[in-house]
Amino acid sequence: MKNLFGAVMMTLATTVTSPAQATPADEAAVKTIVESVGILADTRNFEALETLYADEVMVDYSSLSDQPAELKSPPALMNEWAVTLPGFDRTRHALSDVEASISGESATARADVVAGHWIDGAYWEVTGHYDYELALGDDGWRITAMTFTLEDETGSRDVFGPAMDAARENPPAYVMRQRTRQVVLDFLEGLEEKNMDRVNGVWAEDAVQDMPFNTEGTPARVIGRDALIALYAGWPENAENPDFTDHLVFYPMRDPQIVFVEYRGRVDIVPTGREYRQTYGGLFHVNEAGKITLFREYYDPRAFQYAFAIGETVEGE
């Protein structure tokens with residue numbers, strides 16, 4: 001799978017600066033993307049599949065679902081597929097007669113497809129074709145629109161209920177990573193909004209926050225949901241203009257329920273009148289219920305000590 005992903009990324013790096021410069025290699029790059037969509041979906045590699053799409057993609061399955069086309073983000077599209085496809089015993093999207101046309105930094109592609117879905121002896125197959133639109137950016141070719149046109153189907157669509165149930169019981173790594181990411185965002189955005197319901201809602205009953213570089217007089221470890229709620233209880237009154245998400249970088253781990261996050265903090269501390277600027281590293285463990293069980297927070301204790309005037313007598317006290 002890693003080799004396949006690497007090959008896709010190398011092909012995507014092809015650049016085109018004018019229609020006259022379009023080459024067979026450019027056409028191969030576009031065809032490789034189209035062919036990779038089905039392969040990556042069938043092998044459940046949603047992380048790699050997500051990178052084939054632009055920041056926004058128009059998705060049209062109206063001939064199959066009677067629902068109108070929708071503009072989606074790649075994560076939203078991946079989540080739709082990831083909560084269903086992994087529940088099947090097997091899927092296969094067999095593409096043929098792939099054609100591509102390139103005009104400058106735009107491209108179109110068309111491919112016939114036969115898509116089979118199997119679960120517990122039941123089967124559903126659709127036959128049709130895909131039409132793609134792609135754009136060339138700094139990172140190579142990306143899909144901006146995809147339309148499926150249904151031509152025929154056999155079997156029963158009833159296969160989707162059992163597949164979704166199976167995927168729910170054993171969610172794929174992609175879904176778990178998105179859940180892990182979201183609970184971290186709930187925590188940091190909750191602090192920015194001073195929405196304590198949102199902040200307090202992230203903790204598991206047995207949650208632990210470790211602070212290995214704590215300042216003298218502050219805890220190195222806080223254990224339990226109630227204790228963490230108490231730790232952050234004074235935040236709305238003591239913090240103004242907080243910002244924790246402008247420079248946020250997620251580093252997924254092999255375990256989808258663990259993520260390391262780099263972020264910067266900027267807060268006006270009300271009691272001292274000082275600005276608190278900090279660079280953080282945070283290790284988060286999130287359980288299957290979407291609650292934080294461990295938050296290990298790394299930061300510079302000197303900046304913390306200054307902003308909160310720890311060990312000082314603040315004027316007016």
Side-chain angles (χ1 to χ4, degrees), residues 5 8-9 12-13 29-30 32-87 91 93 105-109 115 130-148 160 163-164 167-168 171-190 192-193 198 202 243-253 256-257 259-263 284 286 290:
F5 185 35
V8 172
M9 292 301 101
L12 294 180
V30 171
T32 297
I33 292 176
V34 170
E35 293 163 343
S36 297
V37 171
I39 294 171
L40 294 175
D42 290 334
T43 54
R44 320 301 192 236
N45 192 340
F46 298 106
E47 285 87 355
L49 182 54
E50 182 180 328
T51 67
L52 303 186
Y53 291 89
D55 291 341
E56 292 184 327
V57 56
M58 183 62 72
V59 180
D60 187 350
Y61 280 91
S62 57
S63 70
L64 182 65
S65 66
D66 293 326
Q67 299 298 313
E70 289 186 88
L71 191 63
K72 298 179 182 292
S73 68
L77 181 59
M78 293 306 105
N79 271 302
E80 286 186 9
W81 290 347
V83 298
T84 304
L85 292 181
T91 62
H93 292 74
E105 297 184 351
S106 299
T108 59
Y130 276 104
D131 290 290
Y132 290 91
E133 297 177 14
L134 301 93
L136 182 64
D138 293 338
D139 297 327
W141 291 101
R142 296 291 185 269
I143 298 168
T144 58
M146 57 185 292
T147 300
F148 173 74
F160 280 94
M164 294 181 72
R168 190 179 303 112
Y174 181 87
V175 170
M176 297 176 71
R177 286 195 176 93
Q178 293 298 313
R179 181 187 300 162
T180 299
R181 178 188 177 100
Q182 186 57 55
V183 74
V184 174
L185 285 172
D186 286 341
F187 174 61
L188 296 177
E189 291 176 353
E192 288 181 338
E193 299 163 0
R198 194 174 181 189
V202 304
D243 176 12
F244 291 101
T245 58
D246 276 354
H247 300 86
L248 187 60
V249 183
F250 288 87
Y251 297 93
M253 302 287 122
Q257 294 176 255
V259 66
F260 188 83
V261 184
E262 287 183 2
Y263 53 104
F284 293 85
V286 177

Can you list everything that forms a side-chain hydrogen bond (donor to acceptor under 3.5 Å, both in side chains) with [X]? Sequence neighbours excluded, please.
| X | answer |
| --- | --- |
| Ser73 | none |
| Arg44 | Thr91 |
| Thr144 | none |

Tell me whether [X] contacts the main-chain N or O of [Y] through its side chain, where contact means a donor paired with an acceptor under 3.5 Å.
| X | Y | answer |
| --- | --- | --- |
| Gln178 | Asn79 | no |
| Arg142 | Thr51 | yes |
| Gln67 | Tyr61 | no |

How close do [X] and [Y] get, counting heavy atoms only, and between which atoms?
| X | Y | value |
| --- | --- | --- |
| Thr180 | Val259 | CG2-CG1, 3.6 Å |
| Gly38 | His93 | CA-CB, 3.9 Å |
| Trp141 | Glu105 | CZ3-O, 3.6 Å |
| Val30 | Ala109 | CG1-CB, 4.1 Å |
| Ala167 | Val83 | CB-O, 3.4 Å |
| Arg179 | Gly290 | CD-CA, 3.9 Å |

Any side-chain heavy-atom pair of [X] and [Y] under 4.5 Å:
| X | Y | answer |
| --- | --- | --- |
| Leu49 | Tyr174 | no |
| Tyr130 | Val37 | no |
| Glu133 | Ser106 | no |

To the nearest 0.5 Å, how far apart are [atom1] in [X] and [atom2] in [Y]?
| X | Y | atom1 | atom2 | value |
| --- | --- | --- | --- | --- |
| Leu40 | Glu47 | CG | CD | 10.5 Å |
| Met78 | Arg177 | CE | CZ | 15.0 Å |
| Leu77 | Leu52 | CG | CG | 10.5 Å |
| Phe160 | Thr84 | CZ | OG1 | 7.0 Å |
| Phe250 | Leu185 | CZ | CG | 4.0 Å |
| Asp42 | Asn45 | CG | CG | 11.5 Å |

Go through the structure and list residues passing side chain to side chain contact (heavy atoms under 4.5 Å, CB included) with [X], not counting sequence neighbours.
| X | result |
| --- | --- |
| Met176 | Pro171, Pro256, Gln257 |
| Ser63 | Phe148, Leu150 |
| Glu262 | Val249, Tyr251, Phe260 |
| Arg198 | Gln182, Asp186, Glu189, Glu193, Asn195 |

Across all chains, not counting sequence neighbours, the ring pair (Phe, Tyr, Trp, His ring centres under 6.0 Å) partners of Tyr53 are none
Applying ring pair (Phe, Tyr, Trp, His ring centres under 6.0 Å) to Tyr263 and not counting sequence neighbours gives Tyr280
Quick note, salt bridge (Lys or Arg N to Asp or Glu O under 4.0 Å) partners involving residues 61-87, not counting sequence neighbours, are Glu70-Lys72, Lys72-Glu80
Here the salt bridge (Lys or Arg N to Asp or Glu O under 4.0 Å) pairs for residues 52-63, sequence neighbours left out, are none
side-chain contact (heavy atoms from CB on, under 4.5 Å) assessment of Asp131 paired with Thr108 | CA-CA 7 Å; Asp131 290 290; Thr108 59; over 6 Å; no
Hits for salt bridge (charged side-chain N to carboxylate O under 4.0 Å, His left out) against Glu35, two or more places apart or cross-chain, chain-then-number order -> none
